[in-house]
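Shown next, in structure tokens, is the structure this report addresses.
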Amino acid sequence: MNKILVAPSILSANFNHLEEDIKKVEEGGAEWLHFDVMDGHFVPNISFGIPVLKSIAHSHHMVNDVHVMISDPFKYAPEFIKAGANYLTFHYEACKSDKEVFQVIDLIHDYGAKAGLSVKPGTPIEKVYPFLYSLDLVLVMSVEPGFGGQAYIPESFTKIFKLREYLKNNEIKNVLIEVDGGINEETAKNAKLAGVDILVAGSYIFGHEDIKERIEKLK
Ligand code: DX5
Ligand code: ZN
């Protein structure tokens, strides 16, 4: 069984005391910090951007796991990496062609970050297969992107499982599988059984008194 990493999503943090919330999850055992960037165009919500990332990226020792739910990842990737993104994950559905997907992956690597590709619930997992030799991470959305606090889509199990099998059968070793949306103690079991490496969780972690216990329960 691979080591499960937890990536709290700051979308659910209290921005009135963000530093305190980040400290709590880091002390609670989170290895990654997930930034859900939304542009109000690719998804029907606006969250935060480069100034927020810049101000907190170096204030902790977790991996800065930036998930851009934006329409033009090619244009903004360099700025997010310069602001402190260690992993930059963009959406397959935001690109007009496979060629463009490869261009964004190459750009992320040129700027020194790891490249992730995310698929919405309605996009077949097979769509990411052509890019796996170039990617460092695949993010399976287990909710429709745009908002925290939604219910986990059970079909996500099959997408994660099929991707895990494909990586194994094709001996592709260095691609992490991450899941994002509706993750709690119960749904984490489902995602882990399917073969996930990293669990993104927002509303299950932030805003509760027992953050450390919650993070441990996910692992
Ligand atoms: C959806 C967001 C959420 C967030 C996690 O666009 O990406 O999935 O990370 O929120 P919870 O854990 O509350 O579903
Ligand atoms: Zn996310």
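In listed order, ligands and their atoms are each counted from 1. Index from 1, following the sequence.
- Counting heavy atoms from C-beta outward, E155 and P121 have side chains that stay 4.5 Å or more apart.
- Considering backbone and side-chain atoms together, P145 places no N or O closer than 3.5 Å to any N or O of ligand 1.
- Those atoms of ligand 1 that come under 4.0 Å of a heavy atom in A201, given as number and element, are 12 (O).
- Look at K114 and D65 and you find no salt bridge, because none of the NZ, NE, NH1 or NH2 atoms lies under 4.0 Å from a carboxylate O.
- Contacts between S203 and ligand 1 below 4.0 angstrom, taking non-hydrogen atoms only, involve backbone and side chain alike.
- At the top of the distance list for atom 4 (C) of ligand 1, counting protein heavy atoms only, stands D36 OD2, 3.2 Å.
- The N/O atoms of M69, backbone and side chain alike, include none that comes under 3.5 Å of an N/O atom in ligand 1.
- Neither the backbone nor the side chain of V43 has any atom closer than 4.0 Å to an atom of ligand 1 (non-hydrogen atoms only).
- Each of the following atoms of ligand 1 lies closer than 4.0 Å to a heavy atom of G146: 1 (C), 6 (O).
- Less than 4.0 angstrom separates some heavy atom of V200 from each of these atoms of ligand 1: 9 (O).
- There is a side-chain donor-acceptor pair under 3.5 Å between S9 and D36.
- Remark: K219 engages E31 in a salt bridge, criterion side-chain N to carboxylate O under 4.0 Å.
- Using a 3.5 Å distance cut-off with no hydrogens or angles, the side chains of T123 and E93 do pair a donor with an acceptor.
- The contact set between ligand 1 and G148, taken as ligand atoms under 4.0 Å from a residue heavy atom, comprises 10 (O), 13 (O).
- Nearest heavy atoms, G49 versus F80: C-CE2, 4.1 Å.
- Taking a cut-off of under 4.0 Å to the non-hydrogen atoms of S9, the atoms of ligand 1 that pass are 4 (C), 9 (O).
- Here the N, O or S atom of D180 that is nearest to the Zn ion (ligand 2) is OD2.
- Atom OD1 is the N, O or S atom of D36 at the shortest distance from the Zn ion (ligand 2).
- Judged by distance alone, the side chains of D72 and H41 never bring a donor and an acceptor atom under 3.5 Å apart.
- Under 3.5 Å, the side chains of T187 and N184 contain a donor-acceptor pair of N or O atoms.
- Between K23 and E27, at least one side-chain N (NZ, or NE/NH1/NH2) sits under 4.0 Å from a carboxylate O, which counts as a salt bridge.
- With ligand atoms numbered from 1 in the order given, ligand 1 contributes 8 (O) to contacts under 4.0 Å with heavy atoms of V143.
- Between the side chains of N64 and Y87, no donor N or O sits under 3.5 Å from an acceptor N or O.
- Protein heavy atom nearest atom 12 (O) of ligand 1, with residue, atom name and distance: G202 N, 2.7 Å.
- Taking any N or O of G149, backbone or side chain, at least one lies under 3.5 Å from an N or O belonging to ligand 1.
- Contact record, H58 with A83: NE2-O, 4.4 Å, taken as the closest heavy-atom pair.
- Taking every heavy atom of M38 and a limit of under 4.0 angstrom, the matching atoms of ligand 1 come to 6 (O).
- Counting only heavy atoms from C-beta outward, the side chains of F206 and N14 never approach each other to under 4.5 Å.
- Taking distance alone, with nitrogen or oxygen atoms compared against 3.5 Å, D180 approaches ligand 1 more closely than that limit.
- Here the protein heavy atom with the shortest distance to atom 14 (O) of ligand 1 is G182 N, 2.8 Å.
- Close approach to G181 involves these atoms of ligand 1, each under 4.0 Å from a residue heavy atom: 8 (O), 14 (O).
- Of the N or O atoms in Y204, none lie within a sub-3.5 Å distance of an N or O in ligand 1.
- The N, O or S atom of H67 lying closest to the Zn ion (ligand 2) is ND1.
- I215 is not connected to W32 by any chain of hydrophobic side-chain contacts under 4.5 Å among Ile, Leu, Val, Met, Phe, Trp and Tyr, and they are in different clusters.
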